[in-house]
Amino acid sequence: MVKQISPDQQENGLEASLEEHDPKSLADRLGIPWLDAINLEEMDPELAARATFQFCKSNMVLPLRVSDGRLMAASSRPLDLQSVEDLRLVYGMPVDVAVTDEQTLIEAINKTFDLSAHSADEVMDDIEGEADLDTLIHGLPQDLLEASAEAPVIRLVNSLLVQAVKENASDIHIEPYERELIVRFRVDGALRNVIKPPRRLQALVASRIKIMAKLDIAEKRLPQDGRIKIIIAGKEVDIRVSAIPTANGERIVMRLLDKSRKLYDLETIGMRGKVLENIKQLVKSPHGIILVCGKTGSGKTTSLYAALSRINTIEKNIITVEDPIEYQLSGVGQMQVNPKIGLDFAAGLRSILRQDPDVIMVGEIRDVETARISVQASLTGHLVFSTVHTNDAAGAVARMLDMGVEPFLISSSLLAALAQRLVRVLCPACREGYAPGPEHFSEMRVNPSFTKPGARFYRAVGCPACRMTGYTGRTGIYELLIIDDDIRTQIVRKVNSSDIKRVAEKKGFVGMRQYGLDLVTQGITSLEEVIRETSDIV
């Protein structure tokens, strides 16, 4: 049996004598088990449903499991007998306590109630009446999981945010139509319907979100942009809100950015083989420009952060100018652009150059001024990372020329252009292997010569683990154009991107489609995904 502090021990002054000890020392003195970690997989999920997030967080306890008619609970306050007594009354059984440190317990509580949080569908079942606008004007709770007895529309919006974070959605779309209101999530780059609230709630949902984003709820004729900062299950989430007027009411899109998510490295984001080897060498260059190309949402910024994290050492002064700052990088100076006060990429870049940087990251090269300053910075001994919106790697050269940068400056400063797309990863629990036939290549407009003889492909099926989509997560497909002497000659001649690509292919350049097809034969993604993402660059 697990020992606990008895009332007699409290009266004898044991509690007072142990007040200054850390939890582990207390556990040792009292003979109570100590937990270095809490394994959520061994917990009984039904136990969390009978407790509340507020109770567990305020009392620093978490029910773990029931064994032989006794409840085992974790606590960081072994002297708090009232919390133990409350648990005994709630669960109707004796309680044994194991001790852990406060941070471990908080993380376990957050994860437990994040997993058990009500979905938007469940909240919809509770909405019977129409809320009043006055009920929407509430401050945000410290953590959205702490919100309980709120107005139905507030609970609906909160549940949408919690569910979106839990499902790793990048965007929430709230779309009003003549006869219905549709809420959709973008998960792994694909939109899907989540719920269809009553049409009459459209104005109230829009007003609640605008209040959270500190926007003018009386203005319904003009587009508005705002931001919301919230905490969900201990994770800080930054939300960019866009509201535009439509014929059927305000259409709202929320872009979610989990600021607590871990920073990925080059291998994790999908770089393999020669692309990975070459990038590792390029990021060590003392000066020059490395451009990452791709459409919006293709993971360009994530790749830049992965590259920066590889060279982020105490010997280097790294400064970035971004819009927005998506990751917090320890040891890196990060500047947020603010066009309202004249702080754009060009102005920020000029200021950075006076900070004695070794490495500079510019969120995006959008205009000739930013492009020219970046080129000059690279020519004066700085390593510059940035992004441009082009379909392929060779197109980066054409984009710089279109901006008005002189060809000789591009050829002298550009080290490489990395183009990328994101493809969904097949669910390992239900993916299905098959031998592709000519009909597959005909249907997908793929030349069979792209694949190796006897290759086995894999396709999506769908199961409960992947919510019947057949996919879980995304990975990158890449093509890397290294600027060598032959390519520099082509740039100075102002040849088009197709000619540059042909010269590169003679030296072993591998395009994104071939990179993706290699992933198909490894069972990582499907042929359909690769074709969908690369159909415009073949």
Open item on the list: Run the side chain to side chain donor-acceptor pair (under 3.5 Å) test on E432 and Y434 for me, step by step, so that the C-alpha distance in whole Å, both residues' side-chain angles and the decisive distance to 0.1 Å come before the verdict.
Closed with: CA-CA 7 Å; E432 179 182 75; Y434 67 99; over 6 Å; no
TODO: Go through the steps to decide whether L161 and V165 satisfy the test side-chain contact (heavy atoms from CB on, under 4.5 Å), and finish with yes or no.
DONE: CA-CA 6 Å; L161 294 174; V165 171; 5.6 Å; no
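For the pair I482/N278, a side-chain contact is recorded, criterion being any heavy-atom separation below 4.5 Å from C-beta on. Using a 4.5 Å heavy-atom threshold, the side chains of L527 and R459 count as separate. I365 places none of its side-chain heavy atoms less than 4.5 Å from the side chain of F345. The closest side-chain heavy-atom distance from M335 to T320 is not below 4.5 Å.
A salt bridge is absent between E529 and R421: the closest approach of a Lys/Arg side-chain nitrogen to an acidic carboxylate oxygen does not fall below 4.0 angstrom. One finds no salt bridge joining R513 and E479 here, because no Lys/Arg side-chain nitrogen approaches an Asp/Glu carboxylate oxygen to under 4.0 Å. Between D171 and R255, at least one side-chain nitrogen of the basic residue sits less than 4.0 Å from a carboxylate oxygen of the acidic one, meeting the salt-bridge criterion.
Across L282 and A416, no two heavy atoms sit closer than the pair CD1-CB, 3.6 Å. The two residues V375 and S413 come nearest to each other via the heavy atoms CG1-OG, 3.7 Å. Closest heavy-atom contact between A435 and R456: N-NH1, 4.3 Å. Heavy-atom minimum distance, T104 versus A37: CG2-CA, 4.2 Å.
Counting non-hydrogen atoms of other residues, nucleotides and ligands closer than 6.0 Å to NZ of K507 gives a total above 12.
The side chain to side chain donor-acceptor pair (under 3.5 Å) search around S374 returns none, not counting sequence neighbours.
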